[in-house]
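First listed ligand is number 1; within each ligand, the first listed atom is number 1. Everything quoted here is computed from the prediction, not taken from an experiment.
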Amino acid sequence: MTETHNLFIMSRLLVFTFASMLLCAVHCYPSEGSSEISTEQEDNPIYANHLKEEENDVSTLLEKANKNVGQELDEPTVIGDIAVPTDLGNADPCTARGCKWPKSSDGNVYVPYVISNQYSSREKTIIERGLQSFGTSTCVQFRRRTNQRDFVHIQSRSGCYSFVGRRGSGQVVSLSRQGCIYYQIVQHELLHALGFNHEQTRSDRDQHVRILYQNVIRGMAYNFRKIATNNLGTPYDYNSVMHYGRYAFSSNRQPTIVPIPNSNAVIGRATQMSRNDIIRINRLYGCGRSG
Ligand SMILES: [Zn+2]
């Protein structure tokens, strides 16, 4: 082999290496709100239940991220993505006195928060964008905690979950680094912390959706339990960021939630709070009213 030939091979190798590096710069960086599917995800039964267009549904993301939720030591009991207080005694304080965050004399509702240092700066940015989004259209203002007693403590635990409403002292809002760092998931979990439940559990949901229990994974029916919700005079909303998708908790790729009367209506595809989500916050917290 001549020296020229060797040189030729070496330069080809170099070009190849450089091209691979370029490709990697485009594809190897974890993308925000990624919609890439790996073969590993295709093998996953939870994932396989969803059509491609459903993969970024809030409920699809939650199902994927919450496969082993609440199983770390010192985690609360978690049902779906809702943490359940275990120290209730006789009365649930949220039923007894409401679990709203208090209103300041300037009319704003300041909700103190702490973000754990587990997150990368990219992840922190997504979480903070979610927090700030409330302040642009409602009187709920998330503010970094200084010395307030009650606050939300955002941490990466075993999935995405939150308590419903203010619980007192530092309450965990878990946004796992594995699967919860999406703008719509941040909004969804914080809406729980502000006191909101899932849209498809609304007291009037039977007029707007039909739940097909025969398609629901065994043992998961509690996710479709109806609740005596305060609907605050707002219409049932398929576009709420709190609405689950058509195939949520499906055992057989058949729909579990079908809208009525128009079964083709789009449900549970919100990528951000809907107009009605915003109206509900404003009504629950009396934004625009003092005291
Ligand atoms: Zn939820």
Verify whether the ring centers belonging to H192 and F163 lie closer than 6.0 Å.
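Between H192 and F163, the centre distance exceeds or equals 6.0 Å.
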Set of side-chain hydrogen bond (donor to acceptor under 3.5 Å, both in side chains) partners for H243, sequence neighbours left out
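For H243, the residues satisfying side-chain hydrogen bond (donor to acceptor under 3.5 Å, both in side chains) (neighbours in sequence not counted) are Y236.
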Which atom pair, heavy atoms only, marks the closest approach of R149 to R166?
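Looking at all heavy atoms of both residues, the shortest contact is NH2-NH1, 4.2 Å.
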What distance separates S274 OG from E199 CD, expressed to the nearest 0.5 Å?
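Answer rounded to 0.5 Å: 7.5 Å.
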Listing, residues 108-115 side-chain donor-acceptor contacts under 3.5 Å, not counting sequence neighbours, or none:
{"from": "N108", "atom 1": "ND2", "to": "Y110", "atom 2": "OH", "distance (Å)": "3.0"}
{"from": "Y110", "atom 1": "OH", "to": "D106", "atom 2": "OD2", "distance (Å)": "2.5"}

Sequence neighbours excluded - ring pair (Phe, Tyr, Trp, His ring centres under 6.0 Å) pairs with any residue from residues 115-137
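Every ring pair (Phe, Tyr, Trp, His ring centres under 6.0 Å) pair that includes a residue of residues 115-137, provided the two are not neighbours, is F134-F142.
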Which protein N, O or S atoms lie under 2.8 Å from the Zn ion (ligand 1), given by chain and residue number?
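Short answer, with waters excluded from the count: D81 OD1, D81 OD2, H188 NE2, H192 NE2, H198 NE2.
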